[in-house]
Engineer: 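The following block contains the structure, expressed as structure tokens.
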Amino acid sequence: MNSTIESNPLLDRLPKHLKQFIKPQDYNDYTPINQAVWRYVMRKNVAYLSKVAHSSYLEGLKKTGIEIDKIPSMYGMNRILTEIGWAAVAVDGFIPPNAFMEFQAYNVLVIASDIRQLEHIEYTPAPDIIHEGAGHAPIIANPEYAEYLRRFGEIGCKAISSHKDYEMYEAIRLLSIVKEAEDTPQATIDAAEKAVEDLQNNMGELSEMAQIRNLHWWTVEYGLIGTIENPKIYGAGLLSSIGESAHCMTPEVKKIPYDISAANQSFDITKLQPQLYVTPTFAYLNLVLEEFANKMALRTGGLSGIEKLIESNALGTIELSTGIQISGVFSSVIAHEGKPIYIQTTGKTALAYREKELVGHGTLTHPEGFGSPIGKLEGINLAIEDMSPKDLNAYDILESKTVKLEFEGGITVEGEIITGSRNLQGEITLIRFKNCTVTHGETVLFQPEWGVYDMAVGKKVTSAFSGPADVNSFNLISHLPSSKTIKAKHSAERDDLEILYQTVRNIRETKDMQTSLAPIFEKLQNNHPNDWLLAVEIVELLNDRIEPQLLQEIMVYLDQLKNKRPEVAHLIAGGLDLIFDREKA
């Protein structure tokens with residue numbers, strides 16, 4: 001349980017740009033109060049969720065080795081998750097959505113290893129180990145759901161973002177941090193909430209990433225399964241929230257049959273959800289995912305796909321009909337009759353085929369952008385990629401020949417052919433020119449003094465997606481979050497309370513029936529009059545002892561605390577219900 005990162009074959013194959021988000025889980029950072037928070041939530045969850053969660057939940061807790069009495073170590077989770085084809089890594093709070101989903105595509109569960117404060121025991125907007133470990137991990141033990149999660153990651157990480165999506169990610173990350181941190185001034189929280197609200201009201205048309213994040217939220221995080229009349233919980237946000245898992249089963253929360261329209265339903269991470277979606281089966285989740293993927297630029301390509309990449313102002317890739325892939329920041333496109341006829345990137349660009357960079361066509365070769373025509377030659381039905389050697393000879397498209405290629409839409413490429421490259425199917429994918437001029441009407445797109453001109457060959461754009469074709473083509477270790485999670489503060493009072501929690505934990509774990517609990521309770525009363533959870537834990541120990549007077553004294557104390565702190569009255573009652581077997585169905 002040290003701070004080193006324990007690896008396994010699944011983690012070893014992660015690309016470097018994902019490994020940058022991984023941090024060690026320093027198990028020694030978890031305090032006795034942290035352990036008590038975990039234990040309370042897990043005991044409540046198992047008691048309640050056994051009635052309302054999908055059957056995979058309790059089975060999954062056993063399969064993934066998640067214990068009720070102590071926070072799981074990443075090493076232990078990894079060892080057991082590997083048996084079902086998954087792994088887990090610790091990260092610092094929210095990470096960018098593309099990265100989060102790409103981890104899933106590699107069968108790796110991302111776990112924010114911090115844990116919520118006692119004051120936020122029911123719910124926190126910040127991802128924590130209760131949400132990730134006790135929420136996501138158990139359901140992964142269901143093979144059908146695990147495949148959905150992997151497939152979602154595979155498709156989701158290719159979704160194209162808008163430039164506002166990253167602003168929203170940073171704003172939500174900051175809000176989750178300041179709301180979870182203790183003693184945050186209300187003005188700071190209000191400002192963070194307003195920043196999120198202003199962005200939500202000014203997002204414009206939802207990007208692919210925004211839409212697929214909505215689908216993720218209403219399934220992986222807040223999904224219900226079964227029938228509208230009798231739904232069961234499988235979403236991690238519900239499984240890890242003792243407050244919302246109960247609230248979601250009330251008539252106050254509208255239940256809606258899950259379908260692709262959920263992609264347009266936004267959400268607020270800081271509030272209880274007013275509606276939830278119910279899928280009939282895990283298999284149906286995949287049907288909706290495929291329906292959405294069919295609408296993504298990943299599968300439709302075309303002019304709209306390129307325009308989405310341009311609008312994103314981020315690294316993306318287009319794939320042509322020959323299979324050649326162009327990765328870079330797309331800056332412009334020339335269109336003719338609704339089709340792209342010329343694309344242009346700016347800055348470092350790389351060419352690839354089947355996700356492997358083409359030799360001699362990395363960012364060192366194309367450091368300042370790449371432009372190429374797309375489509376067929378004017379007046380010729382046969383596309384260049386489909387021409388046989390005989391056809392190429394007929395049209396004089398040969399090495400060492402100076403040619404003038406006039407494309408539909410008015411793009412002209414004129415220069416001396418140096419060489420050409422073919423793919424495995426024999427289709428021409430690249431033609432290299434020297435002394436080359438490329439024009440569109442009066443506009444010069446490339447001129448001889450700029451050097452060699454590489455022309456990608458393809459009659460259409462078949463795909464457009466976020467990120468590079470070959471992750472090794474670019475240095476992606478560049479954009480870490482601007483905010484860091486805030487750790488709990490140390491004080492003499494807090495340290496004293498931690499010692500009391502540890503003492504009670506030791507008594508319980510060693511089954512010590514001799515050590516008196518009265519002095520511990522006396523210190524709690526005198527020095528920490530607002531703490532409720534330790535008193536509940538002492539009652540639990542007294543339930544196995546014959547000390548009616550002390551038990552009665554603490555029960556009176558807890559009743560007084562309920563009146564003094566009505567916001568925690570139901571938590572105290574819930575803890576006592578567990579002890580005295582009063583948990584209601």
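Side chains included, hydrogens not; waters and symmetry mates left out as well; all remaining heavy atoms used.
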Engineer: Out of curiosity, Trp86 CH2 to Leu81 CG, how far, rounded to the nearest 0.5 Å?
Structural biologist: 9.0 Å
Engineer: When you measure from the side chain of Gln20 to the backbone of Leu476, do you find a donor-acceptor pair of N or O atoms at a distance under 3.5 Å?
Structural biologist: yes
Engineer: Spell out, as yes or no, whether a donor-acceptor pair under 3.5 Å connects the side chain of Asn393 to the backbone of Lys390.
Structural biologist: no
Engineer: Give the C-alpha distance, both sets of side-chain angles, the deciding distance and a yes or no for side-chain contact (heavy atoms from CB on, under 4.5 Å) between Leu398 and Val403.
Structural biologist: CA-CA 8 Å; Leu398 299 169; Val403 297; over 6 Å; no
Engineer: Quick one: do Glu154 and Arg150 make a salt bridge, cutoff under 4.0 Å?
Structural biologist: yes
Engineer: With a 4.5 Å cut-off on side-chain heavy atoms, are Arg151 and Ile155 touching?
Structural biologist: yes
Engineer: Considering non-hydrogen atoms only, spot the tightest contact between Ser321 and Glu385 and give its length.
Structural biologist: OG-OE2, 2.9 Å
Engineer: Taking atom CG of Asn313 as the centre, report whether more than 12 heavy atoms of other residues, nucleotides or ligands fall under 6.0 Å from it.
Structural biologist: no
Engineer: Say you draw a straight line from CD1 of Ile431 to CG of Asp454; how long is it, rounded to the nearest 0.5 Å?
Structural biologist: 10.5 Å
Engineer: Going by atom type alone, with no hydrogens or angles, which donor-acceptor pairs under 3.5 Å involve a side-chain atom of residues 331-352 and a protein atom two or more places apart or on another chain?
Structural biologist:
{"residue": "Ser331", "atom": "OG", "partner": "Gln344", "partner atom": "O", "Å": "3.2"}
{"residue": "Tyr342", "atom": "OH", "partner": "Tyr453", "partner atom": "OH", "Å": "3.4"}
{"residue": "Gln344", "atom": "NE2", "partner": "Phe370", "partner atom": "O", "Å": "3.3"}
{"residue": "Thr345", "atom": "OG1", "partner": "Thr349", "partner atom": "OG1", "Å": "2.6"}
{"residue": "Thr345", "atom": "OG1", "partner": "Phe370", "partner atom": "N", "Å": "2.8"}
{"residue": "Thr345", "atom": "OG1", "partner": "Phe370", "partner atom": "O", "Å": "3.4"}
{"residue": "Thr349", "atom": "OG1", "partner": "Gly347", "partner atom": "O", "Å": "3.1"}

Engineer: Output side-chain donor-acceptor pairs under 3.5 Å for residues 440-452, partner residues at least two apart or in another chain, one line each.
Structural biologist:
{"residue": "His440", "atom": "NE2", "partner": "Gly409", "partner atom": "O", "Å": "3.4"}
{"residue": "Gln447", "atom": "NE2", "partner": "Glu449", "partner atom": "OE2", "Å": "3.4"}

Engineer: Met455 versus Leu405: any side-chain heavy-atom pair under 4.5 Å?
Structural biologist: yes
Engineer: Quick one: side chains of residues 456-466, donor-acceptor pairs under 3.5 Å with protein atoms, not counting sequence neighbours, listed by atom name and distance.
Structural biologist:
{"residue": "Lys459", "atom": "NZ", "partner": "Asp386", "partner atom": "OD2", "Å": "2.9"}
{"residue": "Thr462", "atom": "OG1", "partner": "Glu319", "partner atom": "O", "Å": "3.1"}
{"residue": "Ser463", "atom": "OG", "partner": "Leu298", "partner atom": "O", "Å": "2.5"}
{"residue": "Ser466", "atom": "OG", "partner": "Asn98", "partner atom": "ND2", "Å": "3.4"}

Engineer: Nearest 0.5 Å please: distance from the CD1 atom of Ile310 over to the CG atom of Leu303.
Structural biologist: 8.0 Å
Engineer: Going from OG on Ser161 to CD on Glu311, what distance comes out if it is rounded to the nearest 0.5 angstrom?
Structural biologist: 10.0 Å
Engineer: One pair to check against side-chain contact (heavy atoms from CB on, under 4.5 Å): Cys248 and Ile233. What are the steps and the verdict?
Structural biologist: CA-CA 9 Å; Cys248 78; Ile233 297 171; 3.8 Å; yes
Engineer: Does Leu424 have more than 12 heavy atoms from other residues, nucleotides or ligands lying within 6.0 Å of its CG?
Structural biologist: yes
Engineer: How many angstroms lie between CG in Leu224 and OG1 in Thr219, if you round to the nearest 0.5 Å?
Structural biologist: 11.0 Å
Engineer: Show the nearest heavy-atom pair for residues Ala236 and Gly135, with the distance to one decimal.
Structural biologist: CB-C, 3.5 Å
Engineer: Should the pair His54 and Phe282 be assigned to parallel (<30°), tilted (30 to 60°) or perpendicular (>60°) ring geometry?
Structural biologist: tilted
Engineer: Could you tell me which residues satisfy ring-ring contact (aromatic ring centres under 6.0 Å, His included) with Tyr277, sequence neighbours excluded, listed by chain and number?
Structural biologist: Trp218
Engineer: So, for Ala88 and Leu11, which heavy atoms are closest and what is the spacing to 0.1 Å?
Structural biologist: O-CD1, 4.1 Å
Engineer: With a 4.0 Å cut-off, would you call Glu290 and Arg299 a salt bridge?
Structural biologist: yes
Engineer: Nearest 0.5 Å, what's the CG-CD distance between Leu206 and Gln211?
Structural biologist: 5.5 Å
Engineer: Considering non-hydrogen atoms only, spot the tightest contact between Leu320 and Ile318 and give its length.
Structural biologist: CD2-CD1, 4.1 Å
Engineer: Under a 3.5 Å distance rule, please check whether Thr300 uses its side chain to pair with a backbone N or O of Met296 as donor and acceptor.
Structural biologist: yes
Engineer: Atom NZ of residue position Lys19 - does it have more than 12 heavy atoms of other residues, nucleotides or ligands inside 6.0 Å?
Structural biologist: yes
Engineer: I'd like to know if the side chain of Asp92 and the backbone of Phe21 have a donor-acceptor N/O pair within less than 3.5 Å.
Structural biologist: no
Engineer: Taking side chain as C-beta onward, heavy atoms only, is Phe407 less than 4.5 Å from Ile384?
Structural biologist: yes
Engineer: Main chain of Val253, side chain of Lys255: is a donor-acceptor contact present, judged purely on distance under 3.5 Å?
Structural biologist: yes
Engineer: Tell me every residue that passes salt bridge (Lys or Arg N to Asp or Glu O under 4.0 Å) with Lys295, counting only those two or more places apart in sequence or in another chain.
Structural biologist: none
Engineer: Apply the ring pair (Phe, Tyr, Trp, His ring centres under 6.0 Å) test between His216 and each candidate in Tyr222, Phe292, Phe100; give the one that qualifies.
Structural biologist: Phe100
Engineer: Is there side-chain contact between Ile111 and Ile129, with at least one heavy-atom pair below 4.5 Å?
Structural biologist: yes
Engineer: Taking all heavy atoms of Leu10 and all of Asn107, pick out the closest pair and write down the distance.
Structural biologist: CD1-O, 4.2 Å
Engineer: Run Thr322 and Tyr353 through side-chain hydrogen bond (donor to acceptor under 3.5 Å, both in side chains) and show every step you take.
Structural biologist: CA-CA 9 Å; Thr322 52; Tyr353 180 73; over 6 Å; no
Engineer: Which heavy atom of Ala263 sits nearest to which heavy atom of Asn214, and what is that distance?
Structural biologist: O-ND2, 2.8 Å
Engineer: Using the rule given for side-chain contact (heavy atoms from CB on, under 4.5 Å), can you reason through Val220 versus Tyr145, listing the C-alpha separation, both sets of side-chain angles and the distance that settles it, and then say yes or no?
Structural biologist: CA-CA 9 Å; Val220 175; Tyr145 179 75; 3.5 Å; yes
Engineer: Is the backbone of Leu430 close enough, under 3.5 Å, to the side chain of Arg422 for a donor and an acceptor to pair up by distance?
Structural biologist: no
Engineer: Name all pairs fulfilling the side-chain hydrogen bond (donor to acceptor under 3.5 Å, both in side chains) condition that reach into residues 355-380, sequence neighbours left out, sorted by first residue then second.
Structural biologist: Gln325-Glu355, Glu357-Ser473, His361-His366
Engineer: Under 4.5 Å between any side-chain heavy atoms of Leu149 and Ile139, yes or no?
Structural biologist: no
Engineer: In this structure, is the centre-to-centre distance between the rings of His17 and Phe474 below 6.0 Å?
Structural biologist: no
Engineer: Is there a donor-acceptor contact under 3.5 Å from the side chain of Asn142 to the main chain of Ser56?
Structural biologist: no
Engineer: Determine whether Ile418 and Phe433 make a side-chain contact, defined as any pair of heavy atoms from C-beta on separated by less than 4.5 Å.
Structural biologist: no
Engineer: With side chains defined as the heavy atoms from C-beta onward, is the minimum distance between Ile212 and Met101 less than 4.5 Å?
Structural biologist: yes
Engineer: Less than 4.5 Å apart, any side-chain heavy atom of Val110 and any of Ile22?
Structural biologist: no
Engineer: Any ion pair linking Glu208 and Lys308 (charged N to carboxylate O, less than 4.0 Å)?
Structural biologist: yes
Engineer: Got a donor-acceptor contact below 3.5 angstrom from the Glu406 side chain to the Thr412 backbone?
Structural biologist: no
Engineer: One thing to verify: whether Asp396 and Lys404 come together as a salt bridge, which I'm taking to mean a side-chain N less than 4.0 angstrom from a carboxylate O.
Structural biologist: no
Engineer: With side-chain contact (heavy atoms from CB on, under 4.5 Å) as the criterion, how do Phe152 and Leu215 come out once you've worked through the C-alpha distance, each side chain's angles and the decisive distance to 0.1 Å?
Structural biologist: CA-CA 10 Å; Phe152 198 107; Leu215 291 182; 4.1 Å; yes
